[in-house]
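Position 1 is the first residue of the sequence, and the numbers go up from there.
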Amino acid sequence: MAGYWEIPEGTDCARKAWITGRLGAALGLIGSAYHIILIPPESAFKAVQTAATSTVTMATLGAVFGLTTCLSAQIREDPEDALNYFIGGCASGIALGARTHSCITGSSACVGLGLLAAFTKIGKREGWRIGPPKL
């Protein structure tokens, strides 16, 4: 996702949505492969349907995140604020809740994905790294 971080915040929203949508599709495809291996479907058609559903759902969530984050940065005129990322993550969570027809899933995914996205932005801005500390 190096290309995503190279684009200034609040600009080129279509490209950001495209990048995050592709990343979501890749994650959906990987997740559906694990799902199909761990819980084998009854037929090949059912396997293709599972893979397609998961991939499209994750691609949609990624695109919603990228577009909402970018538009929020434009509207709020504060492109480097982590709140833009919280709003984007929350919008993705709401989309997931709509997909599952569940308010509880949507509201909890809103908070969870929003916090994950906000902390990712804060960590990127402040130079946090994941892994063992440098000694």
Side-chain angles (χ1 to χ4, degrees):
M1 218 157 101
Y4 180 85
W5 295 110
E6 293 169 359
I7 303 168
E9 297 293 336
T11 62
D12 205 0
C13 293
R15 184 167 171 224
K16 284 196 168 219
W18 175 251
I19 291 170
T20 54
R22 284 189 325 190
L23 179 63
L27 291 174
L29 194 58
I30 291 167
S32 65
Y34 277 108
H35 182 262
I36 290 169
I37 290 169
L38 294 174
I39 305 170
E42 298 113 26
S43 66
F45 176 76
K46 187 72 174 164
V48 171
Q49 184 181 18
T50 299
T53 302
S54 300
T55 302
V56 169
T57 299
M58 291 298 290
T60 303
L61 295 180
V64 165
F65 171 78
L67 193 60
T68 306
T69 301
C70 187
L71 291 175
S72 174
Q74 285 180 356
I75 292 168
R76 297 184 61 241
E77 297 176 356
D78 189 6
E80 293 302 320
D81 191 13
L83 182 59
N84 298 326
Y85 277 68
F86 181 84
I87 293 168
C90 186
S92 293
I94 290 170
L96 182 62
R99 167 74 178 88
T100 60
H101 304 287
S102 170
C103 276
I104 294 173
T105 298
S107 58
S108 58
C110 169
V111 172
L113 293 176
L115 287 174
L116 177 65
F119 281 125
T120 299
K121 175 63 176 176
I122 293 168
K124 178 76 173 158
R125 186 175 54 211
E126 295 183 5
W128 296 352
R129 31 181 250 112
I130 298 175
K134 289 182 181 178
L135 299 176

Closest heavy-atom contact between [X] and [Y]?
X: Ser32; Y: Thr55; value: OG-OG1, 4.2 Å
X: Ser72; Y: Asn84; value: OG-OD1, 2.8 Å
X: Ile36; Y: Thr50; value: CG1-CG2, 4.3 Å
X: Ala73; Y: Pro79; value: CB-CA, 3.8 Å

Checklist line | Side-chain touch Gln74/Cys13, heavy atoms, less than 4.5 angstrom | finding: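 The answer is yes, as the side chains (C-beta and beyond) meet within the 4.5 Å cut-off.
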
Margin query: Any non-hydrogen side-chain atom of Val56 less than 4.5 Å from a side-chain atom of Arg99?
Written below: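 No - every pair of side-chain heavy atoms lies 4.5 Å or more apart.
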
Item checked: Co-membership, hydrophobic cluster, residues Ile19 and Trp5, 4.5 Å side-chain ->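 Result: yes, single cluster for both.
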
Notebook entry, point to check: Mind checking whether Leu96 and Leu23 sit in one hydrophobic cluster, side chains of I, L, V, M, F, W, Y counted as touching below 4.5 Å?
Noted result: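 Shared cluster, yes.
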
Check whether any side-chain N or O of [X] sits under 3.5 Å from a backbone N or O of [Y] as a donor-acceptor pair, and report yes or no.
X: Thr105; Y: Ser102; result: no
X: Ser107; Y: Ile104; result: yes
X: Ser92; Y: Gly88; result: yes

Note to self: Please check if the number of heavy atoms outside Glu77 that lie under 6.0 Å from its CD is greater than 12.
What the structure shows: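 No, the 6.0 Å shell around CD holds no more than 12 heavy atoms from other groups.
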
Check: Just wondering, more than 12 heavy atoms not from Leu38 lying within 6.0 Å of its CG?
Finding: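 Atom CG in Leu38 is crowded, with more than 12 foreign heavy atoms closer than 6.0 Å.
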
As an exercise, state the distance from [atom1] of [X] to [atom2] of [Y], rounded to the nearest 0.5 Å.
X: Phe65; Y: Cys70; atom1: CZ; atom2: SG; result: 11.0 Å
X: Leu61; Y: Ile94; atom1: CG; atom2: CD1; result: 11.5 Å
X: Lys16; Y: Ile7; atom1: NZ; atom2: CD1; result: 5.5 Å
X: Leu29; Y: Met58; atom1: CG; atom2: CE; result: 11.0 Å
X: Leu27; Y: Thr20; atom1: CG; atom2: OG1; result: 11.0 Å

Notebook entry, point to check: What class does the angle between the rings of Tyr4 and Tyr85 fall in, given that below 30° is parallel, 30 to 60° is tilted and above 60° is perpendicular?
Noted result: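 Ring orientation of Tyr4 relative to Tyr85: perpendicular.
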
Notebook entry, point to check: Could Glu9 and Arg125 be called an ion pair, given the rule that one side-chain N must be under 4.0 Å from one carboxylate O?
Noted result: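 Not counted as a salt bridge, because no side-chain N and carboxylate O are separated by less than 4.0 Å.
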
Note to self: Connecting only ILVMFWY residues whose side-chain heavy atoms lie within less than 4.5 Å of each other, what is the rest of Ile87's hydrophobic cluster?
What the structure shows: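 Members other than Ile87 - counting any ILVMFWY side chain reachable under 4.5 Å - are Leu83, Phe86, Val111, Leu115, Phe119, Ile122, Trp128.
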
